[in-house]
Amino acid sequence: MARKMLRRLLQKTGTIGWSYRLKPKTMDAKNEIKVFPTLDALDEATAALIITIAKSAVADKGRFTISLSGGQTPQRLYKLLAGPEYSMQMVWDKTFVFWGDERCVPPDDEQNNAHMARTALLDHITIPAANIYPVPVELSPEPAAHKYERQIKDFFLGQPPAFDLILLGLGENGHTASLFPGTDALGESDRLIKDVYVTEQKMYRITMTAKLINEADNIIFLAAGSNKAAILSKVIVGPYQPDTYPAQYIQPKHGMLYWYLDKQAAALLPQDITGHH
Ligand SMILES: O=C(O)[C@H](O)[C@@H](O)[C@H](O)[C@H](O)COP(=O)(O)O
């Protein structure tokens, strides 16, 4: 009964929201799920949302702090942001770029997330090099994690680090950033940055912890493609099993949580959650 009433209330308020899980704390965070008919529409809408958040942050604080995600999905978005239509709307010299996770491979390795972002975006805009904070992968995993955590704490001048925007992807196994099932970063309650060994990829990675991510003012999950439909359904409407589906750890303490999806990725979500199909 409560669930149905809540959903009707959410929809009436125009926030196409969903109960996520009827846990009081998730109801504080405003959740918004939007489904777009094509990849272009998804990327355009995400770029527009990023611009809106950036302009608001610069107006409020004189700067915009963003954490980028890696993998395939955001590459088109980054290229779009580098293009004339969007790049001109950003105040790049007041924009500070970090990463939600990084693979422990050399900076110029194709698998390196910062390498991908430089190729798709950062090398094509006028952002000061000092505004870019890549994960120091030249160090071995554990010292790299400690150094990155120090850099982030110093950047936020000892205040609790709260990014204006954290962009996240979603893996088919429910991981986000490098919060993979079975890794000890999942329930981490103290550290902001952890080094993890991802067995299925035989690779070390450095990741923001959910503790850090959940302090953000805005979080955008960007997911596209039919291969994400099953996991999205499990994460968004399934039972709360965050150790199996780590993306469920992402529940911003006070910020906005956006799920920006294409139609294919949203195909298995209930219509009353996405508002259309
Ligand atoms: O380092 C990474 O790979 C990402 O940060 C990772 O969390 C990614 O967002 C998901 O694995 C989805 O990846 P795709 O966009 O390639 O599906």
Side-chain angles (χ1 to χ4, degrees), residues 36 39 42-43 46-47 50 66-81 97-122 133-137 141 144-145 148 163 165-183 185-186 188 192-210 212-214 216 219-236 242 244-250 257-262 264-267:
F36 300 90
L39 287 180
L42 172 63
D43 291 335
T46 309
I50 292 171
I66 181 171
S67 169
L68 299 180
S69 64
Q72 300 303 312
T73 305
Q75 294 190 38
R76 288 183 314 276
L77 167 66
Y78 296 165
K79 288 176 184 157
L80 192 60
L81 283 172
V97 180
F98 296 78
W99 276 266
D101 71 327
E102 187 56 277
R103 293 83 178 275
C104 293
V105 294
D108 59 353
D109 186 303
E110 286 298 314
Q111 291 219 58
N112 182 281
N113 287 333
H115 177 271
M116 180 272 276
R118 288 184 194 280
T119 307
L121 171 59
L122 302 175
Y133 289 76
V135 177
V137 289
Y148 205 47
F163 284 85
L165 172 59
I166 295 183
L167 194 56
L168 294 175
L170 179 67
E172 292 180 50
N173 65 350
H175 82 262
T176 190
S178 284
L179 298 171
F180 281 80
T183 57
L186 294 188
E188 176 59 45
L192 304 181
I193 302 288
K194 279 280 278 184
D195 53 296
V196 293
Y197 183 70
V198 182
T199 38
E200 59 265 48
Q201 299 189 352
K202 295 184 177 44
M203 174 194 284
Y204 280 97
R205 290 181 166 216
I206 308 293
T207 187
M208 283 187 181
T209 58
L212 174 53
I213 295 169
N214 286 333
I219 298 170
I220 302 176
F221 269 108
L222 181 70
S226 53
N227 63 317
K228 301 294 173 76
I231 190 59
L232 268 165
S233 173
K234 291 190 181 100
V235 167
I236 293 184
T244 306
Y245 306 119
Q248 292 183 331
Y249 272 113
I250 306 309
L257 175 58
Y258 299 93
W259 291 80
Y260 271 34
L261 314 172
D262 76 342
Q264 289 185 343

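Each residue takes its place number in the sequence, starting with 1. Each ligand, and each atom within it, is numbered from 1 in the order the structure gives. A quick note: this is a predicted structure, and the numbers were derived from the prediction, not measured.
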Visitor: Are side-chain N/O atoms of R76 and Q72 paired as donor and acceptor at under 3.5 Å?
Guide: no
Visitor: Under a 3.5 Å threshold, yes or no: a donor from one side chain and an acceptor from the other, between S178 and D101?
Guide: yes
Visitor: Taking the inter-plane angle between the rings of W259 and F221 on a 0 to 90° scale, is it parallel (under 30°), tilted (30 to 60°) or perpendicular (over 60°)?
Guide: parallel
Visitor: Would you mind reporting whether F180 and E200 have side-chain heavy atoms less than 4.5 Å apart?
Guide: yes
Visitor: Could you work out, with salt bridge (Lys or Arg N to Asp or Glu O under 4.0 Å) as the rule, every residue matching D195, not counting sequence neighbours?
Guide: none
Visitor: Using 30° and 60° as the class boundaries, would you call the ring planes of Y260 and F36 parallel, tilted or perpendicular?
Guide: tilted
Visitor: In order of chain and number, which residues sit within 4.0 Å of ligand 1 by heavy atom?
Guide: G70, G71, Q72, T73, D101, R103, N113, G169, L170, G171, H175, T176, A177, R205, K228
